[in-house]
Trainee: 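One structure is given below, represented as structure tokens, and several questions about it will come after.
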Amino acid sequence: MQAVTVKQIFRETETFLNQKLEISGWVRTIRTSKAFGFIEINDGSFFENIQVVFDESLDNFLEIGKQTISSALRIQGTLVASPGAKQPFELKAEHIEILALAGGDYPLQKKRHTFEYLRTIAHLRPRTNTFAAVFRVRSVVAYAIHRFFQEKGFVYVHTPIITGSDAEGAGEMFKVTVLDPANPPRNDAGAVNYGEDFFGKETSLTVSGQLNVETYCMAFRNVYTFGPTFRAENSNTARHAAEFWMIEPEIAFAELTDNMKLAEEMMKYIIRYALDNAPEEMAFFNKFVDKTLFERLENILNFDFGHITYTEAVSLLEKENAEFEYPVHWGIDLQTEHERYLTENIFKKPVFVSDYPKDIKAFYMRLNDDNKTVAAMDLLVPGVGEIIGGSQREERLEVLENRMKEFGLKEEDYYWYLDLRRYGGVKHAGYGLGFERVIMYLTGMSNIRDVVSFPRTANTCEF
RNA sequence: UCCUCGAUAGCUCAAUGGUGGAGCAACCGGCUGUUAACCGGUAGGUUGUAGGUUCGAGUCCUACUCGGGGAGCCA
């Protein structure tokens, strides 16, 4: 008898119909009568369950009827067309072996649970429909991102997780140390002597691979990173995590417009890929999580993203100042309410905002000819807000050195970064894409904690 | 970190300052095609923690803990 997966049965139904076959999986729900019953089995290979019909011809019929949710079974039987309306076929069981009985105190029930509750049982939640869908889509999209860049000849660079540079500039950092926190070695001034630490210096977890990946950009032309990133910020929002994954492409011989083109093409590619390769999961999100999901995603695939400069955006937003808690004027950083207004009310689609005032952006962003703005861009999307932040990088050594002085940065800390400008440094650009935010956008899930397997946020590091 | 709302059975929620309940889950029984099956029954509680007000607190007050929503920081 052939052992098959539920996915095979759904995808190649004609091959298996009226055949004897074997499946193994977990009980999602079970309904019994006096002489027969139904079990919905999920075998992990596929989003949908398969219905198993069993009756008193089985020698262990009574025992099967007592199986609880999440018990594991191996079932042999014949795949037959189903008389019921809700499934095209079902497995008529001829033999059922109980592999593992789940205890009666199993916390998942055949009813809707709140996401808040499921977070408290993060080790069990992948067994639910929603989380099974989220994490399969997450896997599919991770692959789509690699495919997109690899098809274009980008080189995947593994930048370090531990960094000795305490000035990556993107946020608060987690310290990495082997020193005894209760009794660290101290220097004459009484400060902790990191010279005695593992690396002989103060080290942290990375907040961005960008500066490192720029070095490989100047060798491989087009490169990307895709890995974990850590921010020790006390952020308590639905879209921030202390540990998250980020994609950072970097392209050489390229300017800001090339950067935005790449970002738009990438977003469309991964949306298309998710719809094509996880159709059941995406349909589930559209039905139960966000009823406007398909409409929104199709809208993205079918239309060009909006483009607006910061200066244009400010003059548009100034007309609506009455709407805002924080009035807009040139020079301020855009608040969440302003970003949402732009993408949700004015453009009603993803929009790039570019060329921000230099004072509110990072030192490495390329100074524009107006001497007031830098070649930066954010991609704002309805519902999630900022999903990408990027820029053309300052490739001119003198300009970069001046900018570093303005930011109070020491050249010796960045000597290798400056070397890139000394030895064949060309125009280049790149961006950072928050992986979890893409998953949120693609699935309609509204809390980042629900698209990370075991989320790490301020005050929470369970599991 | 700030603002705001909340915490009652395993889960989702009721309960005017006066004897803490229901649905689902669990357990027992019934039912010949179910679809979160249905019907009957049993069991299940230090009302988040610590104080306070009151004859009496799930209910009012204070602090703390945890969670939701919003803001800041950002991806």
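Chain letters run A, B, ... following the sequence lines, proteins first and then strands; every chain starts at 1. Please read all numbers here as calculations on a predicted model, not as lab measurements.
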Trainee: Check side chain to side chain contact (heavy atoms under 4.5 Å, CB included) between A:Asp59 and all other residues, then give those that pass, not counting sequence neighbours.
Mentor: none
Trainee: Is the centre of the A:Phe61 ring less than 6.0 Å from the centre of the A:Phe54 ring?
Mentor: yes
Trainee: Under 5.5 Å between ring centres and under 30° between planes: does that hold for A:Phe435 against the base of B:A75?
Mentor: no
Trainee: Could you state the CZ-C1' distance from A:Phe324 to B:A71, rounded to the nearest angstrom?
Mentor: 15 Å
Trainee: Could you tell me whether a side-chain N or O of A:Thr460 sits under 3.5 Å from a main-chain N or O of A:Arg456, the two making a donor and an acceptor?
Mentor: no
Trainee: Surrounding NZ of A:Lys349 (heavy atoms of other residues, nucleotides or ligands, distance under 6.0 Å), is the total greater than 12?
Mentor: yes
Trainee: Could you check how far CD1 of A:Ile145 sits from C1' of B:A75, rounded to whole Å?
Mentor: 13 Å
Trainee: Can you sort out the partners of A:Arg449 under salt bridge (charged side-chain N to carboxylate O under 4.0 Å, His left out), two or more places apart, ordered by chain and number?
Mentor: none
Trainee: Applying side-chain hydrogen bond (donor to acceptor under 3.5 Å, both in side chains) as the test, list every pair that has at least one member in residues 320-329 of chain A; sequence neighbours left out.
Mentor: A:Glu320-A:Tyr341
Trainee: Please list, chain by chain and in numerical order, all residues satisfying salt bridge (charged side-chain N to carboxylate O under 4.0 Å, His left out) with A:Lys361, sequence neighbours excluded.
Mentor: A:Asp378
Trainee: Do A:Arg11 and A:Glu280 meet the salt-bridge criterion of a basic N to acidic O distance under 4.0 Å?
Mentor: yes
Trainee: Let's test your reading of the model: under 3.5 Å, does the base of B:G10 pair with the side chain of A:Gln109 as donor and acceptor?
Mentor: yes
Trainee: Taking atom C1' in both B:G30 and B:C66, what distance in whole Å separates the two?
Mentor: 44 Å
Trainee: If we take the C1' atom in both B:C13 and B:G58, what is their distance in whole Å?
Mentor: 14 Å
Trainee: When the C1' atoms of B:G33 and B:C38 are considered, how many whole Å apart are they?
Mentor: 13 Å
Trainee: Considering residues at least two apart in sequence or located in another chain, which fulfil the side-chain hydrogen bond (donor to acceptor under 3.5 Å, both in side chains) criterion with A:Glu462?
Mentor: none
Trainee: Indicate, with a heavy-atom threshold strictly under 4.0 Å, whether A:Asp105 touches base, sugar-phosphate, or nothing.
Mentor: nothing
Trainee: Pairing of RNA chain B as dot-bracket, 5' to 3': ( ) intra-strand, [ ] crossing, | other strand, . unpaired, with Watson-Crick or G-U pairs under 3.5 Å?
Mentor: (((((((..((((....[..)))).(((((.......))))).....(((((..]....))))))))))))....
Trainee: Restricting to side-chain hydrogen bond (donor to acceptor under 3.5 Å, both in side chains), what partner residues turn up for A:Asn222, sequence neighbours left out?
Mentor: none
Trainee: Under 3.5 Å, which N/O atoms of the protein pair with N/O atoms of nucleotides 66-70 of chain B?
Mentor:
unit_1	atom_1	unit_2	atom_2	d
B:G67	OP1	A:Thr460	OG1	3.3
B:G68	OP1	A:Arg119	NH1	2.3

Trainee: May I ask you to say what A:Phe244 touches in the nucleic acid, namely base, sugar-phosphate or nothing, with a heavy-atom cut-off under 4.0 Å?
Mentor: base
Trainee: For nucleotides 45-50 of chain B, just jot down a letter per nucleotide in 5' to 3' order: B, S or -, based on protein non-hydrogen atoms under 4.0 Å.
Mentor: ------
Trainee: Applying salt bridge (Lys or Arg N to Asp or Glu O under 4.0 Å) as the test, list every pair that has at least one member in residues 86-98 of chain A; sequence neighbours left out.
Mentor: A:Lys20-A:Glu94, A:Asp55-A:Lys92, A:Arg74-A:Glu97
Trainee: Rounding to the closest angstrom, what is the interatomic distance between B:A14 and B:U59 at atom P?
Mentor: 16 Å
Trainee: With A:Asp359, which residues qualify under side-chain hydrogen bond (donor to acceptor under 3.5 Å, both in side chains), at least two apart?
Mentor: none
Trainee: Decide if atom CZ of A:Phe454 counts as having more than 12 heavy atoms of other residues, nucleotides or ligands within a radius under 6.0 Å.
Mentor: yes
Trainee: When all nucleic acid strands are considered with a 4.0 Å heavy-atom cut-off, which category describes A:Ile247: base, sugar-phosphate, or nothing?
Mentor: nothing
Trainee: What does the B/S/- profile of nucleotides 33-41 of chain B look like, 5' to 3', with a 4.0 Å heavy-atom cutoff to protein?
Mentor: BBBBB----
Trainee: Expressed in whole Å, how much space separates the C1' atoms belonging to B:A43 and B:U49?
Mentor: 28 Å
Trainee: Name the nucleic acid region contacted by A:Leu108, choosing base, sugar-phosphate or nothing; use a 4.0 angstrom heavy-atom cut-off, strictly under.
Mentor: nothing
Trainee: Please report the distance, rounded to the nearest Å, between NZ in A:Lys361 and C1' in B:A75.
Mentor: 11 Å
Trainee: Taking B:U16 as the reference, what is the distance to B:U35 when you measure between their P atoms (whole Å, please)?
Mentor: 37 Å
Trainee: Confirm from the modelled atom types if A:Ser235 and B:C74 form a donor-acceptor pair under 3.5 Å, side chain to base only.
Mentor: no
Trainee: Answer yes or no: side-chain N or O of A:His113 and base N or O of B:C11 forming a donor-acceptor pair under 3.5 Å.
Mentor: no
Trainee: Is the shortest side-chain N to carboxylate O distance from A:Arg31 to A:Glu40 below 4.0 Å?
Mentor: yes
Trainee: Using a cut-off of strictly less than 4.0 Å, decide whether A:Gln335 has a side-chain nitrogen or oxygen near OP1 or OP2 of B:A71.
Mentor: no
Trainee: Could A:Arg136 and A:Phe46 be counted as a cation-pi pair, given that NZ or CZ must be under 6.0 Å from the ring centre and within 45° of the axis?
Mentor: no
